[in-house]
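Labels below follow one simple rule: chain letters A, B, ... track the order of the sequence lines, proteins then strands, and each chain is numbered from 1.
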2 protein chains.
Amino acid sequence: MSRGKSNSYSSETGTPKAAVERLSLYLRELEALLESGQKTISSHQLGQALKITDAQVRKDLAYFGQFGYPGIGYRVEELRESLRAVLGTDKVWPTALVGAGNLGRALLGYRGFAGRGFQVTAVFDGDAEMVGKKVLGHEIHPMEDLSRIADEKGLVLAILAVPAAAAEEVASKVVQAGIVGILNFAPTQLKVPDEVSVISVDMALRLEQLAFQVNQRRGHVASPSESKDE
Amino acid sequence: MSRGKSNSYSSETGTPKAAVERLSLYLRELEALLESGQKTISSHQLGQALKITDAQVRKDLAYFGQFGYPGIGYRVEELRESLRAVLGTDKVWPTALVGAGNLGRALLGYRGFAGRGFQVTAVFDGDAEMVGKKVLGHEIHPMEDLSRIADEKGLVLAILAVPAAAAEEVASKVVQAGIVGILNFAPTQLKVPDEVSVISVDMALRLEQLAFQVNQRRGHVASPSESKDE
DNA sequence: GTATGTGAATCTCTTCACAGCC
DNA sequence: GGCTGTGAAGAGATTCACATAC
């Protein structure tokens with residue numbers, strides 16, 4: 001694995017959750033740097049790109065290994081590979097998409113995913129109307145086939161793009177089928193066994209956070225349609 | 001405003017960012033409780049629903065006012081109204097959608113938004129092909145019309161569902177048009193003036209976080225297609 | 001008895017500052 | 001000179017525990 005040195009990020013201990021999030025951002029920046037042909041980068045430069053301190057960058061990376069060279073900085077290509085290995089994006093993750101509605105279809109075509117090892121390998125929908133149709137080249141399967149196909153194709157992750165009301169039930173089926181990681185787009189807090197990871201993308205919540213911030217700025221008694229009732 | 005007491009959440013100071021996020025979750029839980037007809041709820045119960053401690057719930061709420069009744073708990077209806085006022089979801093926020101591709105169209109139809117005061121009032125796209133067409137009853141306008149329409153309709157927020165490469169430019173146009181809050185779906189860190197709020201929904205990043213978590217579980221030398229190259 | 005609101009204690013994360021290396 | 005990795009200090013967030021109120 002490139003340069004020697006440790007790499008024993010035992011994790012589980014100590015690593016701030018936020019640090020792992022920044023890892024993704026570092027990786028993204030490194031990919032851009034690769035494009036631009038830059039060979040090395042310092043923690044200071046990397047920090048500037050993400051508006052964080054250089055110390056933060058070094059600490060974050062140090063949680064996962066010794067990647068830098070004193071006096072030089074980090075080798076872009078090498079650090080990229082290391083971070084990909086840490087995040088797991090150096091592997092292919094066979095992924096199921098559950099829910100072929102508007103959002104599901106949008107996610108199916110979303111670049112960001114395919115380009116990063118997240119290969120949507122099968123699409124499912126609970127609606128009988130949908131089953132059998134094709135979206136972007138993928139046939140839509142009924143939920144009943146989930147377990148079988150999950151076995152056949154070795155599905156590991158699932159993207160849940162279903163209505164909130166259905167999310168809980170779908171999640172349990174997905175878990176039954178042996179999926180170990182769920183990306184949940186429903187505004188619900190899923191109940192799953194401990195050994196299954198869930199990450200949620202809560203779009204409505206984010207929009208509310210935005211409203212809050214803007215609301216604060218406006219001194220709390222300002223312009224947006226001051227309509228009451230509804 | 002309902003019961004007396006302060007309500008002077010001066011904010012800007014002290015309020016943990018995470019507390020504001022939980023506010024949205026409390027609100028969601030309260031809406032569900034309203035449905036079920038429950039009149040009051042304790043910090044303990046509310047905490048259980050979101051898997052956090054009762055002390056956390058009380059601290060969070062206390063940042064924004066005095067909403068509780070010792071011995072009783074919180075009145076569901078009243079707390080709901082208070083939180084809506086704090087978050088700003090008691091008002092209507094005229095919102096622009098920029099980018100009418102797959103994701104944009106999905107967001108346009110997304111319940112979660114419309115049901116919460118976020119009314120998409122105008123749709124824009126930079127692609128001449130798109131302009132003039134209708135999506136879900138909304139005509140797609142060219143970017144050139146953004147400023148004019150923003151003025152006419154009093155647009156306050158914008159949802160950016162455009163490719164990463166276009167995001168920066170679109171953001172500056174949106175800011176030019178007087179938008180003060182941006183919900184950004186592109187995996188880019190936008191540069192905007194201080195007086196504009198940006199909240200990002202980074203779906204690819206979230207999926208990577210999921211991969212990381214699963215990767216950790218598997219002891220770091222396990223099953224997902226151990227393919228290398230490409 | 002029940003339950004809130006809040007200072008104090010604890011835990012977690014970030015920044016500082018510097019030894020060590022190129 | 002420039003830069004990393006890291007212990008120690010500082011900031012921030014969460015939990016404890018209790019005075020107060022119903």
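Partners of Gln209(B) by side-chain hydrogen bond (donor to acceptor under 3.5 Å, both in side chains), not counting sequence neighbours, listed by chain and number: Ser24(A). Listed by chain and residue number, Glu208(A) satisfy the salt bridge (charged side-chain N to carboxylate O under 4.0 Å, His left out) test with Arg116(B) (two or more places apart in sequence, or in another chain). With sequence neighbours left out, Gln38(A) forms a side-chain hydrogen bond (donor to acceptor under 3.5 Å, both in side chains) with no residue at all. By the side-chain hydrogen bond (donor to acceptor under 3.5 Å, both in side chains) test, Gln213(B) pairs with Ser197(A), sequence neighbours left out. For Lys39(A), there are no salt bridge (charged side-chain N to carboxylate O under 4.0 Å, His left out) partners two or more places apart in sequence or in a different chain.
Listed by first then second residue, pairs satisfying side chain to side chain donor-acceptor pair (under 3.5 Å) with a partner in residues 47-61 of chain B read Arg22(B)-Asp60(B), Tyr26(B)-Asp60(B), Ser43(B)-Arg58(B), Asp54(B)-Arg58(B), Gln56(B)-Asp60(B), not counting sequence neighbours.
Distance, Lys51(A) NZ to dT14(C) C1': 19 Å, rounded to whole Å. Rounded to whole Å, atom P of dG5(C) lies 14 Å from atom CZ of Phe64(B). What separates CG of Leu79(A) from P of dT4(D) is a distance of 11 Å, to the nearest Å. Between the C1' atom of dT6(C) and the CG atom of Leu61(B) lies a distance of 14 Å, rounded to the nearest Å. Atom CG in Asp54(A) sits roughly 10 Å away from atom P in dC3(D) (whole-Å rounding).
Under 4.0 Å is where a charged nitrogen must lie from a carboxylate oxygen, and between Asp90(A) and Arg80(A) no such pair does. The pair Arg206(B)-Asp202(A) fails the salt-bridge criterion, with no side-chain N (NZ, NE, NH1 or NH2) lying under 4.0 Å from an Asp/Glu carboxylate O.
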Donor-acceptor list for residues 181-188 of chain A side chains, cut-off 3.5 Å, not counting sequence neighbours:
residue   : atom : partner   : partner atom : Å
Asn184(A) : OD1  : Ala186(A) : N            : 2.9
Asn184(A) : ND2  : Ala186(A) : O            : 3.0
Asn184(A) : ND2  : Thr188(A) : O            : 3.1
Asn184(A) : ND2  : Ser200(A) : OG           : 3.2

Throw together a table of side-chain donor-acceptor distances under 3.5 angstrom for residues 169-180 of chain B, partners on residues two or more places apart or in other chains.
residue   : atom : partner   : partner atom : Å
Glu169(B) : OE2  : Lys173(B) : NZ           : 3.4
Ser172(B) : OG   : Glu169(B) : O            : 3.1

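For the pair Asn102(B)/Arg105(A), no side-chain contact is recorded, criterion being any heavy-atom separation below 4.5 Å from C-beta on.
In Glu195(A), the CD atom is crowded: over 12 heavy atoms of neighbouring residues, nucleotides or ligands sit closer than 6.0 Å.
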Please write out the pairs of protein N or O atoms and N or O atoms of nucleotides 19-22 of chain C separated by less than 3.5 Å, giving the distance to one decimal.
residue : atom : partner  : partner atom : Å
dC22(C) : O4'  : Pro70(A) : O            : 3.2

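Residues from residues 42-50 of chain A lying near DNA chain D, meaning a heavy-atom separation below 4.0 Å, are Ser42(A), Ser43(A) in numerical order.
Five base pairs at each end of the helix from dG1(C)-dC22(D) to dC22(C)-dG1(D) define two local axes, and these are offset by 0° (rounded to 10°).
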For nucleotides 8-16 of chain D, 5' to 3', base contacts (B), sugar-phosphate-only contacts (S) and non-contacts (-) with protein non-hydrogen atoms under 4.0 Å give B----SBBB
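Between Phe212(A) and Val86(B), the shortest heavy-atom contact is CD1-O, 3.5 Å.
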